[in-house]
Each structure stands twice: as structure tokens, then as C-alpha cells.
Peer 1: 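To start, I am sharing the structure in question, which I have written as C-alpha cells.
Counting begins at 1 with the first residue of the sequence. Remember, predicted model here, so these are calculated numbers, not experimental data. Counting convention: from 1, in listed order, for ligands and their atoms alike.
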Amino acid sequence: MDEKLIKQLINTAIKQLDFSYAPYSGFKVGAALLSKNGDIYTGCNIENAAYTPSNCAERTAFFKAVSEGNKDFDAIAIVGGKDGILTSYAAPCGVCRQVMMEFCDPKTFQIILATEAEKYDVFTLEELLPLGFGSNNLA
Ligand code: THU
């Protein structure tokens with residue numbers, strides 16, 4: 001993937017930290033989801049006093065895209081940390097990996113984990129969700 005585009009996605013994800021609604025955990029997460037047509041969908045985590053209705057940043061981005069008719073994706077950048085301070089990678093939770101599995105090719109979809117635009121690693125979905133269960137299993 002083009003390095004300039006990776007950095008753009010990371011910086012877009014970092015901007016989402018300002019919108020994170022995380023009054024209970026204090027852990028802010030931002031995401032930037034790149035669709036195949038070049039559109040970027042953003043997301044932040046949104047917590048709730050009843051806890052279980054909370055939504056992760058990644059799923060916010062995916063659901064925004066799908067709800068607008070876009071289901072084809074190339075990559076997602078994810079950043080997160082306590083009070084929005086990025087000290088280590090915020091890897092996607094298992095539920096978010098499963099949502100990615102629904103819409104993305106596990107062999108090619110790129111998951112960019114970063115602490116800053118210059119410091120990142122790129123994983124495929126298959127690396128983070130080996131032997132993932134998907135629609136093929138039901139075919
Ligand atoms: N969180 C995300 O937004 N994405 C993840 O993949 C991991 C966790 C959020 C959920 C919750 O608001 C906070 O981080 C602490 O778990």
C-alpha cells in the first residue's frame with residue numbers, strides 16, 4: 001500500500017480521537033476505513049452508561065459505510081489509548097475482527113495499527129483472525 005495513503009489514514013484516525021465518547025473507560029479509539037473507491041469512512045468508540053450498547057471505533061466506521069451502500073474495503077487504520085494518548089497499538093477486538101470478516105477478503109484486507117503517522121505496522125485480516133468463520137462456511 002502507498003505510504004502516503006497509509007499516513008493519511010493514520011492521521012485521519014488520530015483526528016477521530018477528538019470525537020471519541022468514552023466517559024467510562026477513558027480509552028479513546030479512532031479509525032479510518034478506506035473503501036475500494038477511495039472514500040474514507042471515519043469512526044470513534046461510543047460508550048454507554050449501560051456498558052453493553054457501547055460501540056467500537058472500527059464498527060462505527062464499518063456501519064457508517066455499509067449504511068451508505070459501500071461494502072468494498074481495502075484497509076483500516078486504528079489508533080487508541082487511555083485519555084487519547086497513543087503509547088501502544090490498539091488492536092481490534094474479536095467482535096470487530098468478525099465484522100471485518102463479513103465484508104473483507106481476509107487475505108488482502110490491511111489493518112494498520114499505529115501510534116503516530118511514522119510508527120505503524122500493517123497486518124492482513126487473516127493474520128489477526130486465522131481460520132475466521134465467514135459466509136463461505138455457510139455456502
Ligand atoms: N474499543 C474500540 O473502540 N475498538 C477496539 O477494537 C477495542 C476497544 C473501545 C471500546 C471501549 O469504548 C474502549 O475501547 C475500552 O474497551
Peer 1: Only heavy atoms of Glu47, strictly under 4.0 Å: list the atoms of ligand 1 that pass.
Peer 2: 11 (C), 12 (O), 13 (C)

Peer 1: Taking the non-hydrogen atoms of Ser54, is any one of them nearer than 4.0 angstrom to ligand 1?
Peer 2: no

Peer 1: Check ligand 1 against Pro92 and write out every atom of the ligand that is under 4.0 Å from a heavy-atom position of the residue.
Peer 2: 6 (O)

Peer 1: Verify the neighbour count for atom CG of Leu131: are there more than 12 heavy atoms of other residues, nucleotides or ligands below 6.0 Å?
Peer 2: no

Peer 1: Where is the nearest protein heavy atom to atom 3 (O) of ligand 1: which residue, which atom, and how far?
Peer 2: Ala57 N, 2.9 Å

Peer 1: For Met100 and Ile78, work out which heavy atoms get closest and say how close.
Peer 2: CE-CD1, 4.3 Å

Peer 1: What atoms of ligand 1 come within less than 4.0 Å of a heavy atom belonging to Cys93?
Peer 2: 5 (C), 6 (O)

Peer 1: When you measure from atom 16 (O) of ligand 1 to the protein, is at least one non-hydrogen atom found at a distance under 4.0 Å?
Peer 2: no

Peer 1: Can an N or O of Asn55 be found at a distance shorter than 3.5 Å from an N or O of ligand 1?
Peer 2: no

Peer 1: How close does the nearest protein non-hydrogen atom get to atom 9 (C) of ligand 1, and which residue and atom is it?
Peer 2: Asn45 ND2, 3.6 Å

Peer 1: Evaluate the ring planes of Tyr51 and Tyr24, with Trp represented by its six-membered ring, and classify them as parallel (under 30°), tilted (30 to 60°) or perpendicular (over 60°).
Peer 2: tilted

Peer 1: Check Glu58 with Arg97, please: is the shortest side-chain N to carboxylate O separation under 4.0 Å?
Peer 2: no

Peer 1: Please determine if Ala22 has a nitrogen or oxygen closer than 3.5 Å to a nitrogen or oxygen of ligand 1.
Peer 2: no

Peer 1: Closer than 4.0 Å to some heavy atom of Glu58 - which atoms of ligand 1 meet that?
Peer 2: 2 (C), 3 (O), 4 (N), 5 (C), 6 (O)

Peer 1: Taking Lys64 first and then Glu68, would you say they form a salt bridge - that is, a charged N and a carboxylate O separated by under 4.0 Å?
Peer 2: no

Peer 1: Give a yes or no answer on whether the side chain of Asn48 reaches the backbone of Ala50 with a donor-acceptor pair at less than 3.5 Å.
Peer 2: yes

Peer 1: For the side chain of Lys15 and the backbone of Gly30, is there at least one donor-acceptor N/O pair under 3.5 Å apart?
Peer 2: no

Peer 1: For the 3.5 Å polar cut-off, considering only N or O atoms, please tell me whether Ser25 and ligand 1 meet it.
Peer 2: no

Peer 1: Answer with yes or no whether the hydrophobic clustering places Val79 together with Val122; edges join I, L, V, M, F, W, Y residues whose side-chain heavy atoms lie under 4.5 Å apart.
Peer 2: yes

Peer 1: Residue-level breakdown please: for Ala91 versus ligand 1, do any non-hydrogen atoms fall below 4.0 Å on the side chain, on the backbone, on both, or on neither?
Peer 2: backbone

Peer 1: Could you tell me whether some N/O pair between Cys56 and ligand 1 is separated by less than 3.5 angstrom?
Peer 2: no

Peer 1: Between Phe109 and Leu9, is there shared hydrophobic-cluster membership here, with clusters defined by ILVMFWY side-chain heavy atoms closer than 4.5 Å?
Peer 2: no

